[in-house]
There are 2 protein chains.
Amino acid sequence: MSLRHAVLGLLADRSGSGYDLLRTFQSSLANVWPATQSQLYTELNRLADAGLVAVTAEGPRGRKEYAITDAGRTELHHWLLEVEPERQRRSESLLRVFFLDQVTPEQGRTYLEREGRAAAAAHQGMRELAERIDADPDPLAVYGRLALEWGLRFTRMQQEWAQWAAEQITERGPQPQVRPPGH
Amino acid sequence: MSLRHAVLGLLADRSGSGYDLLRTFQSSLANVWPATQSQLYTELNRLADAGLVAVTAEGPRGRKEYAITDAGRTELHHWLLEVEPERQRRSESLLRVFFLDQVTPEQGRTYLEREGRAAAAAHQGMRELAERIDADPDPLAVYGRLALEWGLRFTRMQQEWAQWAAEQITERGPQPQVRPPGH
DNA sequence: CTGTACATGTAATACGTTACATGATTCA
DNA sequence: TGAATCATGTAACGTATTACATGTACAG
């Protein structure tokens with residue numbers, strides 16, 4: 001049920017319409033909590049019904065400006081500080097790794113190398129974003145910058161791991177020679 | 001739709017009942033693709049309807065032993081090699097980071113330190129698992145060992161990042177001093 | 001003979017994705 | 001005046017979670 005809190009969190013920073021929120025979701029939040037247009041509008045109506053946000057103004061083209069209410073802020077703080085985060089994550093890429101014994105070592109290595117390249121590309125995109133942000137810092141996005149740093153470290157780790165894993169798969173057989181580096 | 005392929009992948013290694021699969025999901029696959037008992041039994045019936053698996057034996061207590069079919073193996077290979085993995089992931093922990101400007105720096109630091117400890121604990125658990133596996137290697141789980149190495153690197157990165165991020169939040173104000181280490 | 005583990009299934013509910021559907025404003 | 005953007009909403013479908021529901025076999 002975190003979409004609810006994502007919306008609340010954005011509206012806590014500044015009021016806005018569903019359309020405004022949608023753009024934020026597609027840019028800064030896309031990598032941590034993707035959401036569709038459909039989901040957003042539905043959730044805003046639900047939040048309004050629950051009294052956690054309220055329509056504060058109506059503009060042209062039926063635009064509704066939403067603002068967080070006191071009850072909404074209370075709920076947001078409660079969630080941030082008292083609700084244990086759900087740390088478990090699904091990873092389709094990693095699920096596939098478990099089943100790589102079903103294909104030839106060559107195909108397995110190809111898969112891992114592709115993953116490595118994807119990670120490197122993602123890393124590069126984030127580096128560019130980080131440079132743009134650092135050159136022209138948005139004071140509202142300071143914590144977003146912490147999240148971006150996470151992304152940089154994550155993609156780097158991912159890339160290094162994929163390279164290492166691909167190397168484990170030798171041509172001598174389907175059994176990779178698992179000998180992790182010392183740590 | 002990856003649950004389908006997760007089941008297929010497990011049955012490709014060895015045949016088994018829904019109950020057998022459930023235990024595998026709760027142990028080795030729990031960290032990459034969680035699934036519930038309810039989901040598994042439903043999926044097995046769907047897979048059997050689609051002809052990708054088949055009941056090869058019936059045992060005591062209504063036990064049904066499932067095996068992958070040729071069509072199932074074809075589908076598994078197709079998925080592994082030709083379907084682009086969904087790399088986008090949701091992270092509730094990271095979502096919260098975006099909204100840490102809503103609480104005091106102290107509370108923000110506390111949150112990050114807690115995340116760091118959680119990562120360290122997860123890392124420790126994985127280390128122990130890795131030691132057990134390396135001492136008594138299961139030839140069927142060699143690729144699982146690659147995934148475990150991913151987990152070790154991930155939790156370490158997570159822990160280091162959380163510590164770094166907590167340090168960014170000084171007592172002088174809500175703005176963390178973002179100065180990422182050189183890379 | 002009793003508790004634990006084995007074993008399977010369905011129903012209700014919630015959440016997410018895709019597609020459909022509509023219309024107003026602005027800018028070139 | 002036509003295209004792009006702004007702006008909101010609903011319906012259908014698929015997937016995931018939780019709870020309910022039931023029964024068998026085996027070990028101590």
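Every chain is numbered from 1, with letters handed out A, B, ... down the list of sequences.
The distance from atom CZ of R4(A) to atom P of dG16(C) is 12 Å, rounded to the nearest whole Å.
Listed by first and then second residue, the salt bridge (Lys or Arg N to Asp or Glu O under 4.0 Å) pairs involving residues 7-34 of chain A are D20(A)-R23(A), D20(A)-R63(A) (not counting sequence neighbours).
For D138(A), the CG atom is densely surrounded, since the number of other residues' heavy atoms within 6.0 Å is greater than 12.
With sequence neighbours excluded, the residues that form a side chain to side chain contact (heavy atoms under 4.5 Å, CB included) with E92(A) are R96(A), S2(B), W33(B), W79(B), P85(B), E86(B). Considering only residues two or more places apart in sequence or on other chains, P137(B) meets the side chain to side chain contact (heavy atoms under 4.5 Å, CB included) condition with none of them. Remark: F154(B) pairs with F154(A), W150(B) by the ring-ring contact (aromatic ring centres under 6.0 Å, His included) rule, at least two apart or across chains.
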>> Within the 4.0 Å limit for protein heavy atoms, which parts of nucleotides 4-17 of chain D are touched? Write it as a string from 5' to 3', B for base, S for sugar-phosphate only, - for none.
In response: -BBBBBBB---SSB
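Checking S93(B) against E115(B) by side-chain atom types alone, a donor-acceptor pair falls below 3.5 Å. Between the side chains of H5(B) and E75(B), at least one donor N or O sits under 3.5 Å from an acceptor N or O. For the residue pair Q163(B) / Q159(B), a side-chain donor-acceptor distance below 3.5 Å is found, with atom types taken as modelled.
Listed in residue order, the members of residues 76-87 of chain A having a heavy atom less than 4.0 Å from DNA chain D come to none.
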